[in-house]
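Note that the numbering runs from 1 along the sequence shown for the chain.
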Amino acid sequence: LVAMPLVLIGPTTPEMLELNPRGTIPVLTDDGVVLCESLAMLEYLELAHPSPALLPADLVGRAHALDRLHASGNLKAVGMALFAHLMREGESRTVPLRAAFDAELEHLERAYATNPYAGGQTATLADFASFVYLATAHRLGHPLRPALLGFHDPNARAVVGRADLAARVVDARDVLA
């Protein structure tokens with residue numbers, strides 16, 4: 001796994017709105033396929049570019065990775081609410097939002113307490129799904145739990161891209177740096 005270049009297009013530019021009328025990011029394009037939902041992008045990439053695999057072959061590892069992948073929707077929901085509030089209004093009245101985010105971080109930390117990745121010993125779709133929210137939390141000054149600290153360090157975990165997808169996968173570190 002290696003870092004990928006990022007092509008930044010503002011979410012409300014004509015080019016982006018043509019791809020995604022909602023004006024949200026990220027957007028993935030691949031040979032005429034346009035996807036605007038992160039989890040759909042991850043599953044598409046796993047199926048369209050299966051090597052190296054981003055889901056473990058063993059049943060238990062795959063089950064853990066898929067469980068964590070689906071649970072990342074909760075992390076996304078509370079993270080987006082917290083991050084939007086912090087960017088709009090700063091620290092005022094963030095206690096309930098931070099508590100909800102911390103509860104999700106506790107669940108995530110348990111997944112990484114015994115393995116370097118969500119499904120075991122290799123990076124999975126679940127790691128990609130969680131990375132952006134953990135890196136954003138770090139950038140916004142939210143303390144990360146010990147088992148999660150490596151996610152904002154570009155040298156600690158290689159979960160930001162694959163060489164064969166260089167023109168299509170966002171390197172979240174460039175966005176968050």
Side-chain angles (χ1 to χ4, degrees), residues 1-7 24-28 30 35-83 100-177:
L1 298 178
V2 297
M4 301 294 138
L6 169 67
V7 177
T24 59
I25 55 174
V27 171
L28 174 112
D30 183 41
L35 298 171
C36 304
E37 295 297 330
S38 300
L39 295 180
M41 291 176 201
L42 292 172
E43 187 169 353
Y44 171 83
L45 291 171
E46 174 67 2
L47 294 171
H49 306 277
S51 181
L54 291 176
L55 282 174
D58 71 283
L59 180 64
V60 173
R62 188 179 197 95
H64 286 296
L66 288 171
D67 184 63
R68 185 66 248 148
L69 176 65
H70 290 281
S72 71
N74 298 328
L75 180 66
K76 176 182 180 179
V78 297
M80 294 296 290
L82 173 61
F83 304 154
F101 191 69
D102 283 339
E104 288 304 319
L105 292 180
E106 281 183 45
H107 294 298
L108 185 60
E109 184 176 37
R110 280 194 289 276
Y112 293 101
T114 57
N115 290 304
Y117 298 99
Q121 299 301 309
T122 59
T124 70
L125 298 176
D127 301 296
F128 284 86
S130 299
F131 173 79
V132 172
Y133 302 103
L134 293 171
T136 301
H138 174 73
R139 178 156 169 88
L140 293 175
H142 192 85
L144 294 179
R145 298 172 171 282
L148 306 177
L149 288 173
F151 271 92
H152 73 274
D153 180 348
N155 299 312
R157 292 185 193 262
V159 297
V160 294
R162 299 190 321 209
D164 61 325
L165 303 174
R168 297 179 291 259
V169 177
V170 169
D171 179 349
R173 291 181 312 202
D174 289 342
V175 174
L176 301 170

Output for pair (T122 OG1, L55 CG), nearest 0.5 Å, gives 9.0 Å
One should read off an interatomic distance between Y44 OH and D30 CG, to the nearest 0.5 angstrom, of 3.5 Å
One should read off an interatomic distance between E104 CD and S130 OG, to the nearest 0.5 angstrom, of 10.0 Å
Heavy atoms of L134 and L148 approach each other most closely as CD2-CD1, 4.1 Å
The complete set of salt bridge (charged side-chain N to carboxylate O under 4.0 Å, His left out) pairs with one or both residues in residues 48-58, sequence neighbours excluded, reads none
Across all chains, not counting sequence neighbours, the salt bridge (Lys or Arg N to Asp or Glu O under 4.0 Å) partners of E109 are R145
So salt bridge (charged side-chain N to carboxylate O under 4.0 Å, His left out) across residues 112-122, not counting sequence neighbours, yields none
If you look only at distance, which donor and acceptor atoms sit under 3.5 Å apart when one is on a side chain in residues 65-78 and the other is two or more places apart or in another chain?
from: S72; atom 1: OG; to: L69; atom 2: O; distance (Å): 2.5

So, do L39 and L125 sit near enough that their side-chain heavy atoms are less than 4.5 Å apart? no
Between L35 and M41 the two heavy atoms that sit nearest each other are O-CE, 3.1 Å
Rounded to the nearest 0.5 angstrom, the CG-NE2 distance for L59 and H64 is 9.5 Å
Residues at least two apart in sequence or cross-chain that pass side chain to side chain donor-acceptor pair (under 3.5 Å) with R62, listed by chain then number, are none
Residues at least two apart in sequence or cross-chain that pass ring-ring contact (aromatic ring centres under 6.0 Å, His included) with Y133, listed by chain then number, are none
